[in-house]
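Everything below concerns the one structure shown next.
Counting starts at 1 for both ligands and their atoms, following the listed order. This is a predicted model, so every value here is computed, not measured.
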Amino acid sequence: MDWQSKVVMITGASSGIGRGLSTELARRGARVGLVARRLDVLGEIIQKISRDGGEAIALAADVQDTMAMRKASQQLQATFGPIDMLIANAGIGTTTEASNLQPAEVARVFSVNVIGAASSVAAVVPEMIERRRGHLVAISSLAAYRGIPKSAAYGASKAALSCFFESLRLDLQPKGIDVTIIHPGFIKTPLTAGREAKMPFIMELDDAVKKIVGAIERKRKSYAFPWQLASIVRLGMVMPNFLYDRIAARSSFRE
Ligand SMILES: NC(=O)c1ccc[n+]([C@@H]2O[C@H](COP(=O)([O-])OP(=O)(O)OC[C@H]3O[C@@H](n4cnc5c(N)ncnc54)[C@H](OP(=O)(O)O)[C@@H]3O)[C@@H](O)[C@H]2O)c1
């Protein structure tokens, strides 16, 4: 992929995967619009990108705010030209206590992880359709595939996100727009930091970023990694429920 000709908008760019993708794509020559709420942190990342010879701008916005996202998209287009790619990465994780279910907490997770991604798409897709080109990338999760303990809100939000983007793919493919859904396992970022639970096959951020960029370059429709955990998850998908429950009930990654 010729990154030097690409304008990319990345949400959740102030931390973890989004930050890693922002610096890596800028290093490869893409001009990048960094979306997150913490403008001061985005400023530091942009300074680093500039020092390394890249080009990026900060777009302070909450992905839940449709108007702010549209404004961010317009600002990016005014600065670098038409947007070629959106990476809808902003997301939050939370522990769901089933015995003390908090609907407001479930709504918050869906609002950022699903509605936020929808607002991000809505902010960039009209011009992509007009140009008959573009690439939408969603950062979902292996947690999208089956229910796991204490993750009801997070897992359901990621299942919704994956289904949402798959549906978009069917609608937008004939209009020349590619859609890639990434399903990562555990990656060392602030989101997973501080958990005491063993997270199997947890990856270093740099390795994960390279895998995500590779999948985007190959225009994969869906990409799940690391292969070891993705294989276990696929096995879980064909397991009968009685067996799945026995194994999955013992696998809490949120302690
Ligand atoms: N780490 C993992 O093991 C893992 C595994 C699978 C999938 N994922 C997914 O990967 C994505 C990134 O995760 P991460 O591990 O990099 O998390 P992280 O380090 O906590 O970063 C989350 C990012 O999302 C942004 N964000 C949160 N709420 C936002 C909002 N309302 N509006 C705009 N930006 C918002 C944060 O920026 P501000 O606070 O500055 O707004 C931050 O930049 C998430 O969707 C997550 O579900 C992560």
> Going by distance only, is there an N or O of Pro184 that falls short of 3.5 Å from an N or O of ligand 1?
Replying inline: no
> Backbone, side chain, both or neither: what part of Lys188 comes under 4.0 angstrom of ligand 1, heavy atoms only?
Replying inline: neither
> Starting from atom 18 (P) of ligand 1, which protein heavy atom do you reach first, and at what distance in Å?
Replying inline: Ser15 OG, 3.5 Å
> Under 4.0 angstrom from ligand 1, any heavy atom of Ser111?
Replying inline: no
>> Between Ser119 and Asp65 (side chain of the first, backbone of the second, donor and acceptor by atom type, cut-off under 3.5 Å), is there such a pair?
In response: no
>> Taking Arg220's backbone N and O only, do any of them form a donor-acceptor pair with Thr180's side chain (distance below 3.5 Å, no angle check)?
In response: yes
>> Between ligand 1 and Ser141, is the shortest N or O to N or O distance under 3.5 Å?
In response: no
>> I need the Gln77 CD to Glu127 CD distance, nearest 0.5 Å.
In response: 4.0 Å
>> Using heavy-atom distances only, which candidate in Arg108, Met69, Arg37 approaches atom 41 (O) of ligand 1 most closely?
In response: Arg37
> Is there any N or O on Phe186 that sits under 3.5 Å from an N or O of ligand 1?
Replying inline: no
> Identify the closest protein heavy atom to atom 47 (O) of ligand 1: which residue and atom is it, and at what distance?
Replying inline: Tyr154 OH, 2.6 Å
> Purely on distance, is any nitrogen or oxygen of Ile17 under 3.5 Å from one on ligand 1?
Replying inline: yes
> atom 4 (C) of ligand 1: which of Gly93, Gly185, Gly16, Ala72 has the nearest heavy atom?
Replying inline: Gly185
> Quick one: which ligand 1 atoms are inside 4.0 Å of a heavy atom on Gln64?
Replying inline: 31 (N)
> Please state which protein non-hydrogen atom is closest to atom 42 (C) of ligand 1 and give its distance, to 0.1 Å?
Replying inline: Ser14 OG, 3.6 Å
> Donor-acceptor pair, Arg37 side chain versus Ala61 backbone, under 3.5 Å?
Replying inline: no
>> Once you restrict to heavy atoms under 4.0 Å, what part of Ala13 touches ligand 1? Side chain, backbone, both or neither.
In response: backbone
> Is there a heavy atom in Pro190 that sits closer than 4.0 Å to ligand 1?
Replying inline: yes
> Would you find a donor on one side and an acceptor on the other, under 3.5 Å apart, between the side chain of Ser151 and the backbone of Pro149?
Replying inline: yes
> What atoms in ligand 1 come closer than 4.0 Å to a heavy atom of Gly91?
Replying inline: 22 (C), 24 (O), 44 (C), 45 (O)
>> Please check this pair: side chain of Asp84 against backbone of Val8, looking for a donor-acceptor N/O pair closer than 3.5 Å.
In response: no
>> Heavy-atom pairs closer than 4.0 Å: do any link ligand 1 to the side chain of Thr189, the backbone, both, or neither?
In response: side chain
> If you measure from the Lys or Arg side-chain nitrogens to the Asp or Glu carboxylate oxygens, is any gap between Glu24 and Arg28 under 4.0 Å?
Replying inline: yes
>> Closer than 4.0 angstrom, basic N to acidic O: yes or no for Lys210 and Asp206?
In response: no
> Which residue and non-hydrogen atom of the protein lie closest to atom 3 (O) of ligand 1, and at what distance in Å?
Replying inline: Ile187 N, 2.7 Å
> Taking the non-hydrogen atoms of Lys158, is any one of them nearer than 4.0 angstrom to ligand 1?
Replying inline: yes
>> Under a 4.0 angstrom heavy-atom cut-off, which atoms of ligand 1 come close to Arg38?
In response: 37 (O), 38 (P), 39 (O), 40 (O)
> Judged by atom type as modelled, is there a donor-acceptor pair below 3.5 Å linking the side chain of Thr189 to the main-chain atoms of Ile17?
Replying inline: no
>> Pairing donors with acceptors under 3.5 angstrom, does anything connect the side chains of Arg146 and Asn241?
In response: yes
>> Just to be sure I'm reading this right: ignoring hydrogens, which of Leu21, Leu34, Asn89, Val41 gets closest to atom 12 (C) of ligand 1? Compare them by their nearest heavy atoms.
In response: Asn89
> What's the verdict on side-chain hydrogen bond (donor to acceptor under 3.5 Å, both in side chains) for Ser140 and Ser162, showing C-alpha distance, side-chain angles and the deciding distance?
Replying inline: CA-CA 6 Å; Ser140 183; Ser162 294; 2.7 Å; yes
> Counting heavy atoms only, which part of Val63 comes closer than 4.0 Å to ligand 1: side chain, backbone, both or neither?
Replying inline: both
>> Looking only at protein heavy atoms, which one is nearest to atom 34 (N) of ligand 1, and what is the separation?
In response: Ala90 CB, 3.7 Å
> How does Met199 reach ligand 1, by side chain, by backbone, by both or by neither, if only non-hydrogen atoms under 4.0 Å count?
Replying inline: neither
> Does Ser140 have a non-hydrogen atom less than 4.0 Å from ligand 1?
Replying inline: yes
>> Could you check whether any side-chain N or O of Arg27 sits under 3.5 Å from a backbone N or O of Thr23, counting only pairs where one atom can act as donor and the other as acceptor?
In response: no
> Do side-chain atoms of Asp62 reach the backbone of Gln64 as a donor and acceptor pair under 3.5 angstrom?
Replying inline: yes
> For atom 31 (N) of ligand 1, what's the nearest protein heavy atom and its distance?
Replying inline: Asp62 OD1, 2.9 Å
> Within the distance-only criterion (no hydrogens, no angle test), does the side chain of Tyr244 pair as donor or acceptor with the backbone N or O of Gly147 below 3.5 angstrom?
Replying inline: yes
>> Among Gly12, Ala68, Ala138, which one puts a heavy atom closest to atom 24 (O) of ligand 1?
In response: Gly12
>> Can you report which non-hydrogen protein atom sits closest to atom 17 (O) of ligand 1, along with the distance?
In response: Leu191 CB, 3.5 Å
> So Met9 and Met85, side chain to side chain contact (heavy atoms under 4.5 Å, CB included) or not? Walk me through it.
Replying inline: CA-CA 6 Å; Met9 179 188 256; Met85 185 182 294; over 6 Å; no
> Is there a donor-acceptor pair under 3.5 Å between the side chain of Ser120 and the backbone N or O of Gly116?
Replying inline: yes
>> So for ligand 1, is Val112 a polar contact partner (N or O within less than 3.5 Å, distance only)?
In response: no
